[in-house]
Asker: 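Following this message is one structure expressed as C-alpha cells.
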Protein chains: 2
Amino acid sequence: MSKVGIKDIAARANVSTATVSYVLNGTRNVKPATKERVLRVIEELNFKPNAIAQSLKNRRTDTIGVIAEDVTVFNVPEIIDGINDYADRHDLHILLTNLRLDKRIGRGFDRVESYRKHMENAVAELQGKQVEGIVYIGVHPRDLTGMIDTHGKPIVYTYCYTQDDISIQYDDEQASYDAMAYLVKQGHSKIAIISGTMDSLPSRMRFNGFYKAVTEFSLPFNPDWIKMGDWETESGFRLAQELLSLPEPPTAILAMNDVMAAGVLRAASEAGVAVPGELSVIGFDNREFSGYLTPRMTTLELPLHEMGYRAMDSLMKAIRGEEVDRNQSPACKLILRDSVAPPPGD
Amino acid sequence: MSKVGIKDIAARANVSTATVSYVLNGTRNVKPATKERVLRVIEELNFKPNAIAQSLKNRRTDTIGVIAEDVTVFNVPEIIDGINDYADRHDLHILLTNLRLDKRIGRGFDRVESYRKHMENAVAELQGKQVEGIVYIGVHPRDLTGMIDTHGKPIVYTYCYTQDDISIQYDDEQASYDAMAYLVKQGHSKIAIISGTMDSLPSRMRFNGFYKAVTEFSLPFNPDWIKMGDWETESGFRLAQELLSLPEPPTAILAMNDVMAAGVLRAASEAGVAVPGELSVIGFDNREFSGYLTPRMTTLELPLHEMGYRAMDSLMKAIRGEEVDRNQSPACKLILRDSVAPPPGD
DNA sequence: CTGTTAGCGCTTTCAT
DNA sequence: ATGAAAGCGCTAACAG
C-alpha cells in the first residue's frame, strides 16, 4: 500500500511520465493503444494523482476557503449547502473552517478581541493553503469592518457585512413589508410588531418595512402596538401578554423571529385567545420548529441556500476581476401555514 | 500582491532559504539577531509558507477528510463541531465533503446505486488530496457494508456503520431504557411506545430497551400500547389518538423521535388531555423545536458532539496503528423538561 | 505520437 | 550558525 505515483505507472506501462500525465489530463493526443495500456495500469494500481503536487505545479488549487463562525447555528448549514451546490457545479473545492464562536464565546459578540485572533488564524491558514478566495459566514448580521485583513485575497461576506467588501444579505425590509401586506390582504389593520434588540440592523430594517406598510396601507398607528423584544422566547411571551391585555388589542402580531413568535403563541394559549381565530401571528426565520408548533406557524423563510450560492458566484467573479454587484439582497419567502386568518368578524 | 515565497524572504534578509526554513520551523538554532531579522521580513511581506509545498515535501498533510452525507440534516452540524473540536486540539486540518444526499436523492436510501458514485468520487478526491484518514457521517443509522472501498486508508463511520470498520453510534437501547426507568420512577406503569419504522436498527434497539425495562420493572404488558409509527409527525398524532381512546389508556407515551412526540402533544391537546397532568410524553433526539413546544418536551439528547470527537480519536488511533475499540456507544442524556409528571392520582 | 527535463516552494542532509 | 543543493510528485516546454 505504499504510495503509487506517476512514475510507477510509467514504468509498468512502458511509457514516460509525460505520457501518463497526458492521458491523465487529456493535454495531448495519445495513441489509443498506449492510452488504453496506461489506463489499465492506473486502474490496476488504483492510482490517484497527488493533488498536492498538481497544485504546486499548476499554481492553482481551485479551492475556496469558507470560514463559518459556527456551523451549529441554525442558518449556517443551509448556507454551506448553497456553497457546496455552486462548488459542485463549477468543479471547485471547499476548505471549511469552523470558528466555533458560539461554543467558545457564546453571545459575547461585543468582546471583539476575544475572537479576532481566531479569525486571523483562520485566514492565515487558508492563505497558506493557497485558496483562491474566501467566503465568510457570520452567525448574526453585523458589521465586521476592520476585523479581517486578507491582504488582497478576495473575500465575500454573508450573514454579516463590512463597509468595504462584497456581502450578501437577505432583504429584511422587503420581508417584513411582505408579511404586513399579507396581513392587510387578510383584512387586518390593527397589527402589532415585536422587534428584536434595537442594536441589531435586521431589527431596524424590519421596522422600516413595517412602517412602510403602515404608511402605504394607511393603517391605524398605535404606539402601544410597537414592542421591543430581545429575540428570546420569554420576551415574546411577556410582550404578547401586554398586547393582549390592551384596551384595544391588535388582531395580528408580527414577531421578528420564530422564537419570540413561539412565545406569542404560548401567551395566546394561556390567555385563551384562539390562534388564528382571534389573533393572527407571523414569525421570522422559518426555523424547523415553526412547522411543529400548534398551530403550524406562518413565517418568513430566509434564502439561505441562495445566499451561499450567490456568495460563491460573486466571489468567483471578483477573483476573475469581473464587475460584481456589491450588496445583493435575495428575497425572503413567506411560508403560509395555519397561524394567520382574517380578523374576527371580518 | 504577487506570491511571496521563502526565497524572497531569504533574499531580503540576506540569508539562505534554509535559514528561513529553520526559523519558520524552529528546526535548528539560529542566532537571535538573524532570527529577528528574518522574522521582521516575514512580517513585512506578510509571508505565509505555502502549505502545499510543505505537504509535498513532508509527505504529511495532517488533514482528515470528512464526508458528510448531508450537512443540513439536524444531527450533522453538531457532529462536525465535535470533529472540529478534536482537530483544533490536535493541530489537524479538516477537509469537508458534503454529499448533499438529502437534497439529491431525498429519502431514497434504498436506491443504493444512485449515490454510490457520489461516495466513490468523494473518496477518490480525498485520496488525491492525501488525507491521512476519513470520517464518514451518515444521516441515518444504517449498514453501509460494501459501499465504500478506501483501498486501505483508515476510515471511521459515525451515525451509520459497516460490518468491518470502526463505527461510533450512540446507545439506543440504553437510552430508551433510561427514559422508561425515569417514567417508572415518576410512578408510571402503563407506558405506551410509538416506534419508528421497523426496518430501522434504532427502532429495534429502542424496543429492546423498552422491553428490558418492562421486564425488569415488572410492568403490565398490553399489546395495545405498542404502536408502529413511521417517524413522521402525522403517525405520532394518529397513534396517540388511538392510544388515548383505548378502554385502558396509558399514562405515559414514549415516542421514538421528537417529531412523532410533537404529534402526540397535538393529539392530546385536541382530545383535551392535559400534558403532563393526565399524560406524560417523552421524545427522542432533543431537536431544537422540542424546547419550544407547549409544554416544553422532555426528550433524549443525542451525544452528537462526542460522536464526532470520538470518531476522530478512534481514527487517529487507527492511523497510528493503535488498538481501537471498534464499536463505541456514547450514552444519550435525558433532558428533563415539562412533559412528564407523576400519573394522575399518584 | 512520445520522451527528457526543468522546476513549482519548500525541507533537510551534507558541508563548511 | 549558516549555506548549497537534492528532491517531494507532478506538468509542460522543448526535442525528437
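By convention in this document, chain letters (A, B, ...) are assigned in the order of the sequence lines, proteins followed by strands, and residues within each chain are numbered from 1. Fair warning: this is a prediction, and the values are worked out from it, not measured in the lab.
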Asker: Between A/Gln130 (CD) and C/dG9 (C1'), how many Å, whole number?
Answerer: 9 Å

Asker: Quick one: do the B/Asp165 and B/Thr162 side chains pair a donor with an acceptor below 3.5 Å?
Answerer: yes

Asker: Give the rounded distance in Å between these two atoms: CD1 of B/Ile9 and P of C/dC10.
Answerer: 9 Å

Asker: Measure the distance from CG on A/Leu56 to C1' on C/dA6 and round it to the nearest whole Å.
Answerer: 13 Å

Asker: Any donor-acceptor pair under 3.5 Å linking the side-chain atoms of A/Thr72 with those of A/Asp102?
Answerer: no

Asker: Tell me which residues in residues 24-40 of chain A lie within less than 4.0 Å of DNA chain C, going by non-hydrogen atoms.
Answerer: A/Arg28, A/Asn29, A/Val30, A/Lys31, A/Thr34

Asker: Please determine if B/Lys103 and A/Asp81 form a salt bridge, counting it only when a charged side-chain N lies under 4.0 Å from a carboxylate O.
Answerer: yes

Asker: Distance check needed: D/dA12 C1' versus A/Ile6 CD1, whole Å only.
Answerer: 11 Å

Asker: Is A/Arg59 near enough to C/dG7 that one of its side-chain N or O atoms lies under 4.0 angstrom from OP1 or OP2?
Answerer: no

Asker: Need to verify one output field. Residue with the more 5' nearest nucleotide on DNA chain D, A/Ser21 or B/Ala53?
Answerer: B/Ala53

Asker: At 4.0 Å (heavy atoms only), tell me whether A/Val20 reaches a base, stays on the sugar-phosphate, or touches nothing.
Answerer: nothing

Asker: Need to verify one output field. Residue with the more 5' nearest nucleotide on DNA chain D, B/Asn58 or A/Gln54?
Answerer: B/Asn58

Asker: Counting only side-chain heavy atoms from C-beta out, which of C/dT4, C/dG7, D/dC8 sits nearest to A/Lys7?
Answerer: D/dC8

Asker: Indicate whether the side chain of A/Asn75 and that of A/Tyr159 have a donor and an acceptor atom separated by less than 3.5 Å.
Answerer: yes

Asker: For a quick check under 3.5 Å, do B/Lys129 and A/His93 share a side-chain donor-acceptor pair by atom type?
Answerer: yes

Asker: Using the side-chain heavy atoms of A/Thr19, tell me which of these nucleotides is nearest: D/dC10, C/dG3, C/dG9.
Answerer: C/dG3

Asker: In this structure, how many angstroms lie between the P atom of C/dG9 and the CG atom of A/Asn50, rounded?
Answerer: 17 Å

Asker: Working to the nearest 0.5 angstrom, can you tell me the gap between A/Arg320 CZ and A/Leu315 CG?
Answerer: 9.5 Å

Asker: Which whole-number value in Å describes the distance from A/Asp62 CG to D/dC10 P?
Answerer: 17 Å

Asker: With respect to the side chain of B/Ala18, which nucleotide from D/dA5, C/dG3, D/dC8 is positioned closest?
Answerer: D/dA5

Asker: Distance check needed: D/dT11 P versus A/Tyr22 OH, whole Å only.
Answerer: 10 Å

Asker: Rounded at 0.5 Å granularity, tell me how far CG in A/Asp70 sits from NE2 in A/His140.
Answerer: 13.5 Å

Asker: Contact class for B/Asn14 (heavy atom, under 4.0 Å): base, sugar-phosphate, or nothing?
Answerer: sugar-phosphate

Asker: Given C/dC8, is OP1 or OP2 found less than 4.0 Å from the side-chain N or O atoms of A/Arg60?
Answerer: no

